[in-house]
There are 2 protein chains.
Amino acid sequence: MARKPADQAVNRHDILIAAANVFRRKGYHGTKMADIAAEVDLTAGSLYHHFPDGKQQILREVLTDGLAMVTAEVQAIVEDNTLTPDEKFRKAVYAHIMALAQNVSVAAALVFETRNLLEDQSARDSYLQRRDSFEQLYRQVIHEGIEAGVFRHVDVPIFTKALLGSNNWVGVWFRPTGRLSGEEVAMEIADVFLNAVLIKT
Amino acid sequence: MARKPADQAVNRHDILIAAANVFRRKGYHGTKMADIAAEVDLTAGSLYHHFPDGKQQILREVLTDGLAMVTAEVQAIVEDNTLTPDEKFRKAVYAHIMALAQNVSVAAALVFETRNLLEDQSARDSYLQRRDSFEQLYRQVIHEGIEAGVFRHVDVPIFTKALLGSNNWVGVWFRPTGRLSGEEVAMEIADVFLNAVLIKT
DNA sequence: GTCTATATGGTGATAGAC
DNA sequence: GTCTATCACCATATAGAC
């Protein structure tokens, strides 16, 4: 399926989006280079012009770009120290879920395909490190809330895992055509976790 | 690696556990029949004696048995109407997470490999139907709590998805050798979600 | 930058001996 | 019930024309 107005040259980004779409339907190993190529009206061989290292490179860049996108959203909020801890937490969760809901194919890849980042150990390690840094952002926000006396003394690592599990899962089940919009889902889940930590006055 | 005292015949269950272990390390498509066979000291060809339909059948049975195990734990609690809504909810979440933490390989398969249940449409549909029934159990518990006036008026489907996301995710990150035991993790997460719904008095 | 054609390697599954 | 040997197929990646 063409994603561009007729016969316009495809670029790297088009291919990465196409790849994420196919990965979501068939999984990384179930996806043939020909499947990705067909999605952008190319043939399998042509993909190697854009990605010399082949399928692994495509996966690597889908994940790297996807994680960078999600991180950017959340990091901006976490670093904004004009916000109170509970505002910061709510906005971070909201932005995180919105980013995933607006890119479900990439979001699903972040959940399901990270495990297939096998080859190129160094690229794999640097990706996992950035993923840990992302998780660290949330831990920091929760920690700040506890220190400020507005959050309960939850176990920060476990609470963070619970939150990440819920949020990541949105990328698996959310459909833009569903009952609720991305905004509504993001609000509701942010509300759930804020209620879970907030000390009621 | 042998899982049995020397040279004892393997049975279906041994193979399913072995398969789940390999799936967790390599993913379904990354797993060769020879890998599963090696885990129980057999050769690839021998597996077809136990599972005539091959790799798909092994996956299907790993998931079916795994889901049945998890469902059994939770269902017993949901049907126990001597419990108050909040007790019922806490025990259900606790039991669910414990079941996953005690079988991480199967738990990971339930998250990552369901998507690979491609062939045999009827088997696939019946599995997905049972998974929906499991989700329905949680919705029911939450609904009961709201009706009883002890839970907030959360959006039940979304709250349930958030809870399932957190719980499923335990099967992805939990390691028995980690800082906290399965019991501690289960308690903590049950606490998080109970705090999220409970109306504070 | 995209194509076609093909080399290459690998894996699920089968057949038949033991 | 498990083995060995092998078939048949498929997908990644490459080479070179256009």
Side-chain angles (χ1 to χ4, degrees), chain A residues 1-23 25-62 113 116-120 123-124, chain B residues 1-20 22-23 25-63 109 113 115-120 123-124:
Chain A
M1 238 182 290
R3 290 270 166 274
K4 285 277 207 179
D7 297 324
Q8 208 165 325
V10 301
N11 56 36
R12 294 172 70 82
H13 191 252
D14 295 329
I15 297 172
L16 293 178
I17 297 297
N21 288 336
V22 186
F23 289 163
R25 294 200 298 273
K26 309 190 176 198
Y28 175 73
H29 284 289
T31 297
K32 292 170 287 193
M33 290 298 273
D35 295 330
I36 300 171
E39 189 92 0
V40 287
D41 287 322
L42 291 181
T43 56
S46 304
L47 294 178
Y48 290 85
H49 172 75
H50 301 275
F51 301 93
D53 291 349
K55 206 171 135 178
Q56 261 297 307
Q57 187 184 3
I58 292 178
L59 172 62
R60 205 184 310 137
E61 302 204 8
V62 166
E113 312 303 353
N116 294 315
L117 217 50
L118 304 167
E119 301 151 33
D120 199 342
R124 182 177 180 280
Chain B
M1 239 180 291
R3 291 268 166 274
K4 286 276 208 178
D7 296 325
Q8 209 165 324
V10 301
N11 57 37
R12 293 173 71 82
H13 191 253
D14 295 330
I15 296 172
L16 293 177
I17 297 297
V22 186
F23 289 163
R25 293 199 299 274
K26 309 191 175 196
Y28 174 73
H29 284 289
T31 297
K32 292 171 286 196
M33 290 299 273
D35 295 330
I36 301 172
E39 189 92 0
V40 286
D41 287 322
L42 291 180
T43 57
S46 305
L47 293 178
Y48 291 86
H49 173 74
H50 301 276
F51 301 94
D53 291 350
K55 207 171 135 177
Q56 263 295 310
Q57 187 184 3
I58 292 177
L59 172 62
R60 206 183 311 137
E61 301 204 9
V62 165
L63 296 179
E113 312 303 353
R115 67 200 334 237
N116 294 315
L117 216 49
L118 304 168
E119 302 152 33
D120 198 342
R124 182 177 181 280

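Just so we're on the same page: letters track the sequence lines, and every chain starts at 1. The figures that follow rest on heavy atoms only: side chains count, while hydrogens, waters and symmetry mates do not.
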Any side-chain N or O of [X] below 4.0 angstrom from OP1/OP2 of [N]?
{"X": "B/Ser46", "N": "D/dC3", "answer": "yes"}
{"X": "B/Thr43", "N": "D/dT2", "answer": "no"}
{"X": "A/His49", "N": "C/dC3", "answer": "no"}
{"X": "B/His29", "N": "C/dT11", "answer": "no"}

Specify the separation, in whole Å, of atom [atom1] of [X] and atom [atom2] of [N].
{"X": "A/Lys55", "N": "C/dG10", "atom1": "NZ", "atom2": "P", "value": "15 Å"}
{"X": "B/Asp14", "N": "D/dT2", "atom1": "CG", "atom2": "C1'", "value": "15 Å"}
{"X": "B/Asn116", "N": "C/dG12", "atom1": "CG", "atom2": "P", "value": "13 Å"}
{"X": "A/Leu42", "N": "C/dC3", "atom1": "CG", "atom2": "C1'", "value": "10 Å"}
{"X": "A/Leu47", "N": "C/dT2", "atom1": "CG", "atom2": "P", "value": "9 Å"}
{"X": "A/Met33", "N": "C/dC3", "atom1": "CE", "atom2": "P", "value": "13 Å"}
{"X": "A/Asp53", "N": "D/dA13", "atom1": "CG", "atom2": "C1'", "value": "11 Å"}
{"X": "B/Gln57", "N": "C/dT14", "atom1": "CD", "atom2": "P", "value": "12 Å"}

Is there a side-chain contact between [X] and [Y] (heavy atoms, below 4.5 Å)?
{"X": "A/His29", "Y": "B/Asn116", "value": "no"}
{"X": "A/Arg25", "Y": "A/Val22", "value": "yes"}
{"X": "B/Glu39", "Y": "B/Asp35", "value": "no"}

Task: Donor-acceptor pair between B/Asp53 and B/Gln56 side chains, under 3.5 angstrom - done: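 There is no such pair (donor and acceptor under 3.5 Å, judged by atom type) between the side chains of B/Asp53 and B/Gln56.
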Open item on the list: Can you identify which nucleotide, out of C/dT2, C/dA13, D/dT12, has its nearest atom closest to the B/Tyr48 side chain?
Closed with: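 Looking only at heavy atoms from C-beta outward on B/Tyr48, the closest nucleotide is C/dA13.
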- [ ] Would you indicate which nucleotide in C/dG12, D/dT12, C/dC3 comes nearest to any side-chain atom of B/Lys32?
- [x]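 When the side chain of B/Lys32 is considered, C/dG12 is the closest of C/dG12, D/dT12, C/dC3.
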Task: Among A/Lys55, A/Glu61, A/Arg60, side-chain hydrogen bond (donor to acceptor under 3.5 Å, both in side chains) partner for A/Gln57 - done: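 Only match with A/Gln57 under side-chain hydrogen bond (donor to acceptor under 3.5 Å, both in side chains): A/Glu61.
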- [ ] Tell me what A/Gly45 touches on the nucleic acid: a base, only sugar-phosphate, or nothing, going by heavy atoms under 4.0 Å.
- [x]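 Here A/Gly45 touches the bases of the nucleic acid.
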